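What follows is one structure encoded as structure tokens, with my remarks underneath.
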Amino acid sequence: YYLSGDLVAVRNAAEEALALGSSIGQPAMTAPPVAWLALLAALQDRDDYDHRLAGLEALVAKHPLGILSDPVHDLTRWAKGLRAASSGDSVGALHHLARFRLPVLARMAAPERIEAAVRAGDQAAASGWTEELARFADATRRPWALATVAYGRALTAGHGDAEALFQESLRHHDRAGRPMDAARTQLAYGEWLRRSQRRIDARQHLRDAVETFHDLRAASLAARANQELRASGETPRKRDPSTLVKLTPTELQIAQLVSSGLSNKEVATQCWISPRTVAFHLRNIFAKAGVTSRGELAQVDLG
């Protein structure tokens, strides 16, 4: 879910896992979903980041995690790295993102890790992680890995080679299905074009990056892309709120019932559908409304 950009599904799954772990008296099992929620909070600059992180650290100190220790450690480092990066602390971001334990999570976070190293001035780490991923990409030919390798090489290349590598990365991203990573590439390419005095060429990539970051509610990345767009000579257009929420009649009915405080089971009873169908519609509603929780949905004007 996370890599495909369905952050609403990530949040829903994490909250369900958290509730389940608590209900069966297994506090250690709640650590991974809390870590995912902390990661989302860091990415989206949410106010609950400090609360999630403090709760996670207290949980880890009190309960042995066993085999969950390494994934929780890496997710926590990922969250801290994103938070540091969003505040402009490149060295701090690199400090956290360099300390992953599991190769699978290191690969998932590869774009953030490579970028943090470049922005912190550690070209050796950036190149090392890129070429390490290149061996995996060459063996598997997975589009997202090939895209990330080209992205990493573009960030560390000389001026004459960077553009072709950025374009190669975006070609692979067309088949990769990872919108966040694609937007990072568009932002970096747009920044490179703008610094190369090619402001008009930069704008479309920056516009696309802004749109994706807005959709994912990645506030600091959206602000950075908007700043670059302004530097290119274009004023970012504000999105018309009236165009953001276009619900079907069924979605509108479900949204109104959920906003009134009803559970999925209660909504299902009123609408004569299954709770699973309610959950399916609710995910679409969250995505269309640009919210990630029932509380936020309750603040949306549904008419």
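If you're wondering where the values come from, they're calculated on a predicted model, not measured in any experiment.
In the model, Gln204 has a side-chain atom that pairs as donor or acceptor with a side-chain atom of Asp208 under 3.5 Å.
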task = Determine, step by step, whether Thr76 and Lys80 satisfy the side-chain contact (heavy atoms from CB on, under 4.5 Å) criterion, reporting the C-alpha distance in whole Å, the side-chain angles of both residues, the deciding distance to 0.1 Å, and the verdict.
result = CA-CA 6 Å; Thr76 304; Lys80 290 181 176 180; 3.9 Å; yes

task = I would like to know whether Arg224 and Glu191 meet side-chain contact (heavy atoms from CB on, under 4.5 Å); could you show each step before the answer?
result = CA-CA 10 Å; Arg224 179 176 145 198; Glu191 289 172 332; 3.0 Å; yes

key: Step-by-step side-chain contact (heavy atoms from CB on, under 4.5 Å) determination, Lys265 to Val278   = CA-CA 8 Å; Lys265 186 175 181 181; Val278 173; over 6 Å; no

Evaluation steps, side-chain contact (heavy atoms from CB on, under 4.5 Å), between Leu297 and Leu282 = CA-CA 10 Å; Leu297 181 61; Leu282 197 55; 4.2 Å; yes

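Applying the salt bridge (charged side-chain N to carboxylate O under 4.0 Å, His left out) rule to Arg135 yields no partners; only residues at least two apart in sequence or on another chain are considered. Scored by the side chain to side chain donor-acceptor pair (under 3.5 Å) test, Glu112 finds Trp78 as partners (sequence neighbours excluded).
Between the side chain of Ser127 and the main chain of Gln123, a donor-acceptor pair closer than 3.5 Å is present. Side-chain atoms of Arg99 never come within 3.5 Å of backbone atoms of His73 as a donor-acceptor pair (strictly under, hydrogens ignored). Using a distance-only test at 3.5 Å, with no hydrogens or angles considered, a donor-acceptor pair links the side chain of Thr30 to the main chain of Pro27. Under the 3.5 Å distance criterion, the side-chain polar atoms of Ser259 are left unmatched by any main-chain donor or acceptor of Gln256. Using a distance-only test at 3.5 Å, with no hydrogens or angles considered, a donor-acceptor pair links the side chain of Thr130 to the main chain of Ala126.
The list of side-chain hydrogen bond (donor to acceptor under 3.5 Å, both in side chains) pairs with a residue in residues 137-159, not counting sequence neighbours, reads Glu131-Arg153. For residues 107-128, the set of pairs meeting the ring-ring contact (aromatic ring centres under 6.0 Å, His included) definition, not counting sequence neighbours, is empty. Among pairs with a residue in residues 5-15, those fulfilling salt bridge (charged side-chain N to carboxylate O under 4.0 Å, His left out) read Asp6-Arg283, Arg11-Glu15, Arg11-Asp48, at least two apart in sequence or across chains. The stretch residues 8-62 participates, sequence neighbours left out, in these ring-ring contact (aromatic ring centres under 6.0 Å, His included) pairs: Tyr2-Trp36.
Contact of the Asp74 side chain with the Met108 side chain is not registered, since no non-hydrogen atoms from C-beta on lie closer than 4.5 Å. In this structure the side chain of Phe100 reaches within 4.5 angstrom of the side chain of Arg113, judged on heavy atoms. For the pair Ile273/Ile254, a side-chain contact is recorded, criterion being any heavy-atom separation below 4.5 Å from C-beta on. Side-chain contact between Leu43 and Met180 is present, with at least one heavy-atom pair separated by less than 4.5 Å. Looking at His205 and Leu170, their side chains come closer than 4.5 Å, going by heavy atoms from C-beta outward.
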